[in-house]
Structure formats: C-alpha cells, structure tokens
Amino acid sequence: QVQLVESGGGLVQAGDSLTLSCAASGRNVNSYAMGWFRQAPGKEREFLAAMAWSGLSTNYAASVQGRFTISRDNAKNTVYLQLNRLKPEDTAIYYCAANPRTIRATTEGEYDYWGQGTQVTVSS
C-alpha cells in the first residue's frame, strides 16, 4: 500500500511558476514509478510526466516537455513537478500517482495509487 499526498497548488498569474510536491509513504515506495497527471473540468485525466526513484529515467508528455520538470528527493520520499510559464489552460487539478511497473505508463488505468489532488488555477 502506498499513500500519496500532494501540495503546492494555488492561484497564480499567467507566466508564473509553481512547484507541486507529492509526499509518498508506504511499503517499498522507492520501487514505484511516480507520475503526475492533471484533470481540467470536463476533460479526461492527462498524463504529464513520470520518473523512477533512481532519477535516471524520466518520461514527459510532448505537450509539457520543456516547460514542466519532474524531480525527486529520495531522502524525503517526495516527488516534485515544477510548472513554468504557466498558461490559463494549465488550470486543473494536479494528481500524483504511483505504479510498480514502468515510467512509460501514461494512462490512468496503469497507475495503482493516487493522491487526492491539488488545484492549480492560472489567471490571465
């Protein structure tokens, strides 16, 4: 069992940056691939990025590559998602997720554990 708790969301202006955190706990949490998704109102949940706890491999959605950065702090069992040059269309609930298989997992059904989400709102 893995528990995930996101934090760091908020209301920002277009062009601003924001860093989201995901604190992970549970058995063998460091063996899981960690991912970030978001879901805007009326839309499906969208994959953003994933990485292994080793930090050696990352995977990004083309839509956010170069603008969002996933990272981790093994000592704190925390994964981060830095959001740069935010746009109003980035407004969504952002979720952290874990799967025991691969960072190449990009669909909601491939992830076994989810956090409660953190709201990011970008004003124009």
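Numbering starts at 1 and runs along the sequence shown.
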**Message:** Show, in sequence, the C-alpha distance, side-chain angles and deciding distance for Phe47 and Phe37, and conclude whether the ring-ring contact (aromatic ring centres under 6.0 Å, His included) test is met.
**Reply:** CA-CA 4 Å; Phe47 169 78; Phe37 287 72; 5.6 Å; yes
Do any N or O atoms from the side chain of [X] and from the backbone of [Y] form a donor-acceptor pair under 3.5 angstrom?
| X | Y | result |
| --- | --- | --- |
| Thr91 | Val122 | yes |
| Asn74 | Asn77 | no |
| Trp53 | Val29 | yes |

Which distance, rounded to the nearest 0.5 Å, do you find between the [atom1] of [X] and the [atom2] of [Y]?
| X | Y | atom1 | atom2 | value |
| --- | --- | --- | --- | --- |
| Gln65 | Thr58 | CD | OG1 | 7.5 Å |
| Met51 | Leu56 | CE | CG | 8.5 Å |
| Ser63 | Glu89 | OG | CD | 11.0 Å |
| Ser21 | Leu4 | OG | CG | 12.5 Å |
| Arg72 | Asn30 | CZ | CG | 10.0 Å |
| Cys96 | Tyr113 | SG | OH | 13.5 Å |

Counting C-beta onward and ignoring hydrogens, is there a side-chain heavy-atom pair between [X] and [Y] closer than 4.5 Å?
| X | Y | result |
| --- | --- | --- |
| Tyr60 | Ile70 | yes |
| Tyr95 | Glu6 | yes |
| Thr106 | Asn59 | yes |
| Ile93 | Thr118 | no |

Quick check on the hydrophobic clustering: are [X] and [Y] connected, directly or via other members, by side-chain heavy-atom contacts under 4.5 Å?
| X | Y | answer |
| --- | --- | --- |
| Tyr111 | Phe68 | no |
| Val12 | Leu83 | yes |
| Val2 | Leu81 | yes |
| Val64 | Met34 | yes |
| Leu48 | Tyr32 | yes |

**Request:** Please check if any side-chain donor atom of Asp73 sits under 3.5 Å from a side-chain acceptor atom of Thr78, or the reverse.
**Result:**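 Distance-only check fails for Asp73 and Thr78.
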**Item:** Asn84 to Gln82 - nearest heavy-atom pair and separation
**Value:**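 Distance-wise, the nearest heavy atoms are OD1-NE2, 3.1 Å.
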**Asked** Can you name the closest pair of heavy atoms from Ser124 and Pro88 and give their distance?
**Response**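 That would be CB-CG, 3.8 Å.
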**Asked** For Glu44, does the CD atom sit with more than 12 other heavy atoms under 6.0 Å from it, leaving out its own atoms?
**Response**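 No, the 6.0 Å shell around CD holds no more than 12 heavy atoms from other groups.
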**Request:** Quick one: do Arg38 and Asp90 satisfy salt bridge (Lys or Arg N to Asp or Glu O under 4.0 Å)? Show the steps, please.
**Result:** CA-CA 9 Å; Arg38 69 183 177 188; Asp90 293 318; 2.8 Å; yes
**Item:** Residue among Glu46, Glu108, Arg45 satisfying side-chain hydrogen bond (donor to acceptor under 3.5 Å, both in side chains) with Gln39
**Value:**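 Filter result, single survivor: Arg45.
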**side-chain contact (heavy atoms from CB on, under 4.5 Å) evaluation trace for Trp36 with Val79** = CA-CA 9 Å; Trp36 282 97; Val79 178; 3.6 Å; yes
